[in-house]
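Structure first, then comments.
Chain identifiers are assigned alphabetically (A, B, ...) following the order of the sequence lines, protein sequences preceding nucleic acid strands; residue numbering begins at 1 within each chain.
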2 protein chains.
Amino acid sequence: MKPMTIGRLSSAAKVKVTTIRYYESIGLMGTPDRSASGQRLYGGVDVERLSFVRHARELGFSMDAIKDLIGLQTEPDQDCSAVDTIAQKQLAEVQKRLAQLEALERELKRMIENCRGGKVGGCQVMAAINDHSECETDKHERLKPL
Amino acid sequence: MKPMTIGRLSSAAKVKVTTIRYYESIGLMGTPDRSASGQRLYGGVDVERLSFVRHARELGFSMDAIKDLIGLQTEPDQDCSAVDTIAQKQLAEVQKRLAQLEALERELKRMIENCRGGKVGGCQVMAAINDHSECETDKHERLKPL
DNA sequence: GATACAGTCTACAGCGACTGTAGAGGCAAG
DNA sequence: CTTGCCTCTACAGTCGCTGTAGACTGTATC
């Protein structure tokens with residue numbers, strides 16, 4: 001197999017060129033070979049590794065978690081429970097976030113349903129945002145962006 | 001009512017001092033009065049406004065949306081439908097995000113259930129992250145952080 | 001060979017929504 | 001008057017990238 005440039009790797013793994021260079025800079029992809037003129041050269045292994053990273057990102061894993069997973073991947077004889085632990089932790093985070101969002105959804109729906117039109121001055125949606133008191137999702141922890 | 005310092009406003013509205021200054025810098029809170037020595041001075045109105053911002057943030061509204069809402073709040077005679085539209089949009093985003101996360105939850109659960117222990121080399125979780133093919137959440141759009 | 005154009009290179013700034021730091025000055029209680 | 005917290009400004013850092021500028025490289029067409 002002959003090596004490919006960063007652009008080919010990019011379309012093969014569906015990760016942007018700039019992102020690949022970024023991943024290299026944070027040590028997620030090793031330092032690739034270079035052509036005589038200094039262009040990065042990659043092989044099939046890199047496509048796999050980068051696709052792995054992409055899918056893990058799509059599953060919401062943090063960069064740190066992904067680094068750990070890649071580290072484990074290179075030691076296939078270790079016990080699999082470390083991997084399991086990372087995945088479990090990720091699932092727990094997803095479920096926590098789901099619960100938050102479900103509460104949010106209920107609250108937004110309630111706000112909107114109570115709105116019967118009219119002027120902003122008497123708007124129930126505004127009132128709902130103002131009166132945090134009656135609200136089921138009270139004492140939120142800081143909500144991360146959607 | 002006598003004015004309060006930023007620290008009092010902070011505890012009254014449950015928004016950090018630094019965050020209040022940040023909100024001021026982006027034009028979310030007007031420029032407050034200052035004491036002779038240059039300390040910011042706030043009144044009850046500011047507590048309300050800041051609490052409104054906090055709750056809107058907790059509901060996941062973007063800063064831009066909040067700016068719009070505050071703008072509307074100061075014109076109580078306008079039609080309420082503008083407020084409704086913003087809330088509807090927010091609800092739609094929450095629901096979209098919920099759907100993504102539910103798909104994620106299913107996939108993570110499936111991965112973890114298939115894991116029967118053993119070595120990393122044969123780990124089904126790893127395999128699942130590698131094989132994006134069989135996965136129901138294929139062609140994700142970029143997932144925002146949890 | 002000349003030219004055009006896409007691809008690649010480095011280095012750095014910017015995004016959102018804050019948080020943290022440094023170093024200086026202000027204010028009230030004991 | 002000292003102690004100890006509060007406030008001030010200004011700027012760097014967070015995360016996971018994305019965008020920009022300006023220069024070089026590689027390939028296809030004439």
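- Separating the CG atom of A:D64 from the P atom of D:dC17 is a distance of 12 Å, rounded to the nearest angstrom.
- Under 4.0 angstrom from either OP1 or OP2 of C:dT10 there lies at least one side-chain N or O belonging to A:R34.
- Hydrophobic clustering places B:I26 together with B:I20 (ILVMFWY residues linked when any side-chain heavy atoms are closer than 4.5 Å, directly or through intermediates).
- In terms of phosphate contacts, A:R40 brings no side-chain nitrogen or oxygen within less than 4.0 Å of OP1 or OP2 of D:dT25.
- DNA chain D is contacted by both A:Q39 and A:Y23; A:Y23 maps to the nucleotide lying nearer its 5′ end (nearest heavy atom per residue).
- The CD-C1' distance, from A:E24 to D:dG16, rounds to 16 Å in whole Å.
- Nearest nucleotide to the B:T18 side chain, out of C:dT8, D:dT18, C:dT19: C:dT19.
- Whole-Å rounding puts the A:M4 CE to D:dT25 C1' distance at 19 Å.
- For C:dA17, the OP1/OP2 oxygens have no side-chain nitrogen or oxygen of B:S62 closer than 4.0 Å.
- A salt bridge links B:K109 with B:E105: the closest approach of a Lys/Arg side-chain nitrogen to an acidic carboxylate oxygen falls below 4.0 angstrom.
- Closest approach to the A:T5 side chain among D:dT18, C:dG7, C:dT19 is made by C:dG7 (side chain taken as heavy atoms from C-beta onward).
- Taking atom CG of A:L41 as the reference point, atom P of C:dT8 lies 11 Å away to the nearest angstrom.
- Closest contact between the side chain of B:S35 and the listed nucleotides C:dC18, C:dC27, D:dC17 involves C:dC27.
- A:I20 has its CD1 atom 12 Å from the P atom of D:dC17, to the nearest Å.
- Distances shown here put a side-chain N or O of B:S37 below 4.0 Å from the OP1 or OP2 atom of C:dC27.
- Results of the side chain to side chain contact (heavy atoms under 4.5 Å, CB included) test with A:V17 over A:T5, A:L9, A:I6 single out A:I6 as the only residue that passes.
- A sub-4.0 Å separation between OP1 or OP2 of D:dT18 and a side-chain N or O of A:T19 is present.
- Residues A:M63 and A:F52 are members of one and the same hydrophobic cluster, defined by side-chain heavy-atom contacts under 4.5 angstrom among Ile, Leu, Val, Met, Phe, Trp and Tyr.
- For B:R21, the side-chain atoms get nearest to D:dT7 when compared with the rest of C:dT10, D:dT7, D:dC17.
- As a whole-Å value, the separation of B:R57 CZ from C:dG16 C1' is 9 Å.
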Checklist entry - Passes side-chain hydrogen bond (donor to acceptor under 3.5 Å, both in side chains), B:D64 versus B:S62? Steps please. => result CA-CA 5 Å; B:D64 276 355; B:S62 71; 5.4 Å; no
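- Closest to the B:M63 side chain, of the nucleotides C:dC9, C:dC18, D:dT7, is C:dC18.
- The distance from atom NZ of A:K67 to atom C1' of D:dG16 is 12 Å, rounded to the nearest whole Å.
- A straight line from OH of A:Y22 to P of C:dC15 spans 17 Å, rounded to a whole angstrom.
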